[in-house]
Amino acid sequence: MTGGTIPLYPGAPAQSASITQQVDMQLYIMTFLSPHDLCALGMTNHYWDQMVRDRLLWRYFLLRDLPSWPSIEWHSLPDISVLNSCLSPESPEGAPPDYMSIYVKSCPRNRKSAKARHPIYGAVTSFLQSLVIQTEPRFAMFGPGLEQLDDSLVTRMMTSPELRPVVSILQRQIDGIGSGVTFQLDNQHKFNILTLYSRTRTERDRARVEPNVSGNKMFVPEAPGDDPLATPDNLIPQVKEVCRIVDGFIYVANAESHNNHNRPEEIAQILAMTDPTFGPQRRPLLVLSCVAQPGNKRIPCVYMAHELGLDKLQRPWLVQNTEASTLSGLLDGIAWILNEVGKKM
């Protein structure tokens with residue numbers, strides 16, 4: 001084929017095979033660059049600006065990097081159709097996704113850089129929220145990740161040097177399924193966590209041995225003997241009161257990929273606890289996408305957000321990868337939710 005001509009794409013003018021090979025080699029080399037370096041390369045001249053915008057190149061970066069992203073936020077979650085198009089060998093119907101824009105918007109590193117470039121907005125937001133929140137912020141923490149994992153996230157938090165427990169509110173226990181603890185982050189920021197379990201300690205230990213044990217004491221069953229439905233009306237009075245007084249919510253999800261998960265039931269519980277009848281929709285939701293040990297295979301945070309239906313919530317949220325045994329990722333999540341309720345970090 002030496003000296004022959006072929007089109008670069010359907011409808012394009014014919015190009016020499018050597019030019020095509022040169023472009024292919026350039027694209028191949030660019031796959032070894034980081035997306036940050038690739039964007040810098042695109043700023044050098046018009047030719048490289050066009051080259052670095054190649055759709056397949058950024059589709060490759062999404063497929064490669066998305067599973068390892070440590071977090072995803074409510075305003076940067078890629079649509080599920082985009083994720084499906086990345087995995088499909090067929091071209092999507094309609095306008096093709098702009099994978100470069102999606103990557104730049106969703107990548108955790110770029111999200112942090114964008115916040116740093118807008119410090120005035122953050123300062124104004126924190127000031128306005130500080131006028132409302134005069135005391136230590138309070139968060140309701142619940143979810144299957146508190147009960148199903150082999151390592152206890154709460155126990156690890158109680159012994160963490162970076163997250164020092166200050167006061168344990170034992171007198172405010174809720175029928176054996178909940179209690180409150182005040183923590184201090186980095187010896188400065190105090191906050192209270194009201195931990196809510198679906199079962200008592202004895203029942204939780206039994207459920208680890210017998211996974212099919214049902215029941216959730218946070219909700220009242222419609223009739224004696226029935227499994228309770230997760231609706232706002234069915235919450236027990238003590239939990240309803242917690243939902244009214246807290247400044248935000250922490251949901252601990254079981255992210256271990258080898259486990260069976262009842263996501264519809266989890267979605268119903270999240271919607272019940274965060275129902276707008278209990279308080280402002282602006283109250284943030286932190287999802288700790290948790291595994292027990294560092295080596296355990298996990299569900300990527302982007303897919304966890306879609307599995308829990310977070311794209312339909314009308315409130316700020318963050319999904320943060322977390323490990324119970326090491327508390328990796330926990331402090332980043334706590335810093336985010338404290339910032340959302342007006343605590344300057």
Side-chain angles (χ1 to χ4, degrees), residues 30-40 52 55-88 97-117 143 145 149 153 250-259 261 263 266 284-313 315-337 339-340 345:
M30 284 190 284
T31 63
F32 294 96
L33 299 178
S34 70
H36 178 77
D37 292 336
L38 205 62
C39 291
V52 302
R55 283 185 61 253
L56 294 182
L57 184 64
W58 287 94
R59 175 178 175 268
Y60 164 77
F61 284 135
L62 265 178
L63 287 172
R64 185 193 68 182
D65 297 345
L66 183 146
S68 62
W69 284 348
S71 64
I72 195 71
E73 264 184 281
W74 56 288
H75 51 71
S76 60
L77 178 67
D79 190 85
I80 192 66
S81 62
V82 172
L83 303 181
N84 292 337
S85 72
C86 283
L87 299 172
S88 174
D98 184 350
Y99 294 121
M100 179 180 179
S101 296
I102 294 166
Y103 188 104
V104 170
K105 178 183 177 182
S106 304
C107 177
R109 175 177 176 175
N110 292 334
R111 287 190 280 115
K112 291 180 180 179
S113 299
K115 288 183 178 180
R117 290 195 297 269
L149 299 178
L153 179 68
I250 301 175
Y251 185 78
V252 186
N254 184 342
E256 299 200 336
S257 57
H258 65 275
N259 292 144
H261 307 285
R263 297 303 189 205
E266 293 184 55
L285 169 67
L286 167 63
V287 175
L288 299 177
S289 186
C290 203
V291 296
Q293 304 292 334
N296 294 7
K297 290 186 178 180
R298 67 161 59 249
I299 298 168
C301 61
V302 174
Y303 288 98
M304 178 64 76
H306 282 291
E307 287 186 14
L308 294 177
L310 301 184
D311 55 318
K312 299 177 179 62
L313 290 185
R315 67 176 65 246
W317 57 260
L318 171 80
V319 179
Q320 175 68 52
N321 284 352
T322 311
E323 296 165 0
S325 62
T326 65
L327 297 185
S328 173
L330 175 67
L331 299 186
D332 290 333
I334 295 296
W336 175 84
I337 199 169
N339 186 69
E340 286 294 315
M345 303 301 294

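It should be emphasised that the depicted structure is a prediction, and the values quoted were computed from it without experimental measurement. Values below: all heavy atoms of this structure, side chains included; hydrogens, waters and symmetry mates excluded.
In this structure N321 satisfies the side-chain hydrogen bond (donor to acceptor under 3.5 Å, both in side chains) test together with R298, sequence neighbours excluded. Scanning for side-chain hydrogen bond (donor to acceptor under 3.5 Å, both in side chains) contacts around T31 gives an empty result, with sequence neighbours left out. Residues that satisfy the ring pair (Phe, Tyr, Trp, His ring centres under 6.0 Å) test with F61, not counting sequence neighbours, are W58. When the side-chain hydrogen bond (donor to acceptor under 3.5 Å, both in side chains) test is applied to R315, no partner is found at least two apart in sequence or on another chain. The side-chain contact (heavy atoms from CB on, under 4.5 Å) search around S81 returns D79, not counting sequence neighbours.
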Inset, instruction - Carefully, step by step, assess L66 and Y303 under the rule side-chain contact (heavy atoms from CB on, under 4.5 Å). - result: CA-CA 10 Å; L66 183 146; Y303 288 98; 3.6 Å; yes

Legend entry - Steps toward side-chain contact (heavy atoms from CB on, under 4.5 Å) verdict (C290, L149): CA-CA 8 Å; C290 203; L149 299 178; 3.7 Å; yes

Legend entry - Pair I299-V291, side-chain contact (heavy atoms from CB on, under 4.5 Å): steps then yes or no: CA-CA 9 Å; I299 298 168; V291 296; over 6 Å; no

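The OG atom of S71 lies 5.0 Å from the CD atom of Q320; values are rounded to the nearest 0.5 Å. Atoms CG and CG, on L63 and L83 in that order, are 9.5 Å from each other to the nearest 0.5 Å. In this structure, CE in M304 is found 13.5 Å from CD1 in I72, a value given to the nearest 0.5 Å. For the atom pair CG of L285 and CD of E340, the computed distance is 11.0 Å after rounding to the nearest 0.5 Å. Once rounded to the nearest 0.5 Å, the distance linking CG of L77 with OG of S106 reads 7.0 Å. In this structure, CD on Q293 lies 8.0 Å from OG1 on T326, to the nearest 0.5 angstrom.
The shortest non-hydrogen separation linking L62 to W69 is CD2-CH2, 3.9 Å. Closest approach of P284 and W336 over heavy atoms only: CB-CH2, 3.8 Å. Of all heavy-atom pairs spanning L308 and E266, the tightest one is CD2-OE1, 3.7 Å. In this structure, V52 and L38 approach most closely via the heavy-atom pair CG1-O, 3.5 Å.
With H261 contributing its side chain and E256 its backbone, the two residues share a donor-acceptor pair below 3.5 Å. Side-chain N or O atoms of S325 include one that pairs as donor or acceptor with a backbone N or O of A292 at under 3.5 Å. Of the possible polar contacts, one joining the R55 side chain to the P97 backbone as a donor-acceptor pair under 3.5 Å is found. Counting only distance, with no hydrogens or angles, the side chain of W317 and the backbone of L310 share a donor-acceptor pair below 3.5 Å. Remark: the backbone N or O of P78 is paired with a side-chain donor or acceptor of H306 at under 3.5 angstrom.
When each of I334, I250, L318, V319 is checked for a side chain to side chain contact (heavy atoms under 4.5 Å, CB included) with L288, only I250 meets the rule.
Two residues are said to be in side-chain contact when any heavy atoms from C-beta on lie closer than 4.5 Å; L57 and Y99 fail this criterion. Side chains of C107 and H36 form no contact here, defined as non-hydrogen atoms less than 4.5 Å apart.
Sorted by first and then second residue, the pairs that involve residues 301-310 and meet salt bridge (charged side-chain N to carboxylate O under 4.0 Å, His left out), not counting sequence neighbours, are R263-E307.
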